[in-house]
Amino acid sequence: MKELLDIYFSFFRMGTVMFGGGYTMLPILKRECVERKNWVSDEQVMDFYAVSQGLPGIIAVNVSVFIGYHVRRAGGGIAAALGTVSPCIIIISIIAAFLTNFQDNVIVREAMTGVSICVVALILDAVLGLWKKGVKDKIGIAICALVFLLMEFTPVSPVAIVVGAALAGIIYKNAAVKREAAK
């Protein structure tokens with residue numbers, strides 16, 4: 001039970017500063033779950049993120065469930081999910097109860113502007129971290145550039161792009177293994 005509470009409160013703390021979605025959670029996740037708690041490795045966090053992007057629902061919740069499940073099976077997954085969403089529920093309940101015309105409040109608007117700037121920095125940190133871990137060679141750079149171009153300049157479905165990039169990676173790695181075996 002103590003470990004489940006630890007999972008819940010760890011994800012609760014992360015959930016309190018998770019403005020901007022799941023990508024902003026990545027640096028916080030790495031610090032808490034990889035460096036501080038040693039629950040998972042950097043590679044596992046990346047794998048959980050990759051799978052979570054293809055699943056329905058909120059990326060941050062999906063990733064938290066994977067990590068919680070990895071640490072303590074179903075109970076850990078539930079504790080992590082509840083810890084991630086609890087701060088949002090509490091904050092929204094307080095706002096709904098006490099603030100009328102929330103979006104017209106000057107202080108709230110200015111605070112959200114500051115938070116938005118912080119979110120950009122957190123997302124940039126996550127992108128750079130993913131780049132360092134995921135793009136390791138020229139073919140990785142080529143796939144990344146192609147994915148970016150397809151996402152920005154074509155109407156191709158992101159699902160098709162992710163599947164295509166995964167297939168390209170598999171084909172490339174299999175060909176590299178065969179070339180290495182032939183030597």
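FYI, the numbering just counts along the sequence from 1. The figures here come from the full heavy-atom set of this structure, side chains too, leaving out hydrogens, waters and symmetry mates.
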Working to the nearest 0.5 Å, report the span between CD of Glu3 and NZ of Lys37.
9.5 Å
Has Glu152 got a side-chain atom pairing as donor or acceptor with Leu149's backbone, closer than 3.5 angstrom?
no
Starting from Ile161, can I reach Ile171 by hopping between I/L/V/M/F/W/Y residues whose side chains sit under 4.5 Å apart?
no
Minimal heavy-atom distance between Cys144 and Val135, with the atoms involved, is CB-CG2, 4.5 Å
Close side-chain approach of Val17 to Ile28, heavy-atom, < 4.5 Å:
yes
With a 4.5 Å limit on heavy-atom distance, are the side chains of Ile123 and Val127 in contact?
yes
Heavy atoms from other residues, nucleotides or ligands near CD1 of Ile107 exceed 12 (cutoff 6.0 Å):
no
Is it true that, when you exclude Lys173 itself, more than 12 heavy atoms of the residues, nucleotides or ligands shown sit nearer than 6.0 Å to its NZ?
no
Taking the side chain as everything from C-beta on, heavy atoms only, tell me whether Val71 gets closer than 4.5 Å to Phe66.
no
Kindly work out whether a path of hydrophobic side-chain contacts (I/L/V/M/F/W/Y, heavy atoms less than 4.5 Å apart) joins Leu124 to Val119.
no
Give a yes or no on whether Leu146 and Val162 share a hydrophobic cluster (residues Ile, Leu, Val, Met, Phe, Trp, Tyr; joining criterion: side-chain heavy atoms under 4.5 Å apart).
no
Would you call Arg13-Glu32 a salt bridge at under 4.0 Å N-O?
yes
Heavy-atom pair with the smallest gap, counting every atom of Ala79 and Leu4
CB-O, 3.6 Å
So do the side chains of Pro27 and Leu122 get within less than 4.5 Å of each other, counting heavy atoms only?
yes
Do Ile59 and Phe11 sit in one hydrophobic cluster, given that two such residues count as connected whenever their side-chain heavy atoms are within less than 4.5 Å of each other, even indirectly?
yes
Minimal heavy-atom distance between Asn62 and Pro56, with the atoms involved, is ND2-O, 3.3 Å
Do Phe48 and Val40 come close enough that some side-chain heavy atom pair is under 4.5 Å?
yes
Which distance, rounded to the nearest 0.5 Å, do you find between the CG of Asp42 and the CG of Asp47?
11.0 Å
Should Trp39 and Ile7 count as side-chain neighbours, where that means a heavy-atom distance under 4.5 Å?
yes
In one Ile/Leu/Val/Met/Phe/Trp/Tyr side-chain cluster, 4.5 Å: Tyr69, Val51:
no
Run the side chain to side chain contact (heavy atoms under 4.5 Å, CB included) test on Trp131 and Ile141 for me, step by step, so that the C-alpha distance in whole Å, both residues' side-chain angles and the decisive distance to 0.1 Å come before the verdict.
CA-CA 9 Å; Trp131 177 270; Ile141 293 170; 4.1 Å; yes
Give the minimum heavy-atom separation between Lys30 and Gly129, together with the two atoms involved.
NZ-CA, 4.2 Å
Are the side chains of Ile143 and Val147 in touch, meaning some heavy atoms are under 4.5 Å apart?
yes
Selection residues 82-96 - residue pairs positive for side chain to side chain donor-acceptor pair (under 3.5 Å), sequence neighbours left out:
Tyr8-Ser86, Ser64-Thr84
Take the angle between the ring planes of Phe153 and Phe148 and call it parallel below 30°, perpendicular above 60°, tilted in between.
perpendicular
Minimum heavy-atom separation for Cys33 and Ile67, please, with both atom names.
SG-CG2, 4.2 Å
Smallest separation among heavy atoms of Ala81 and Val65, with atom names
CB-CG2, 3.6 Å
Report yes if some heavy atom in the side chain of Val45 is under 4.5 Å from a heavy atom in the side chain of Val34; otherwise report no.
yes
Measure the CZ-CG distance between Arg36 and Leu29 for me, rounded to the nearest 0.5 Å.
13.0 Å
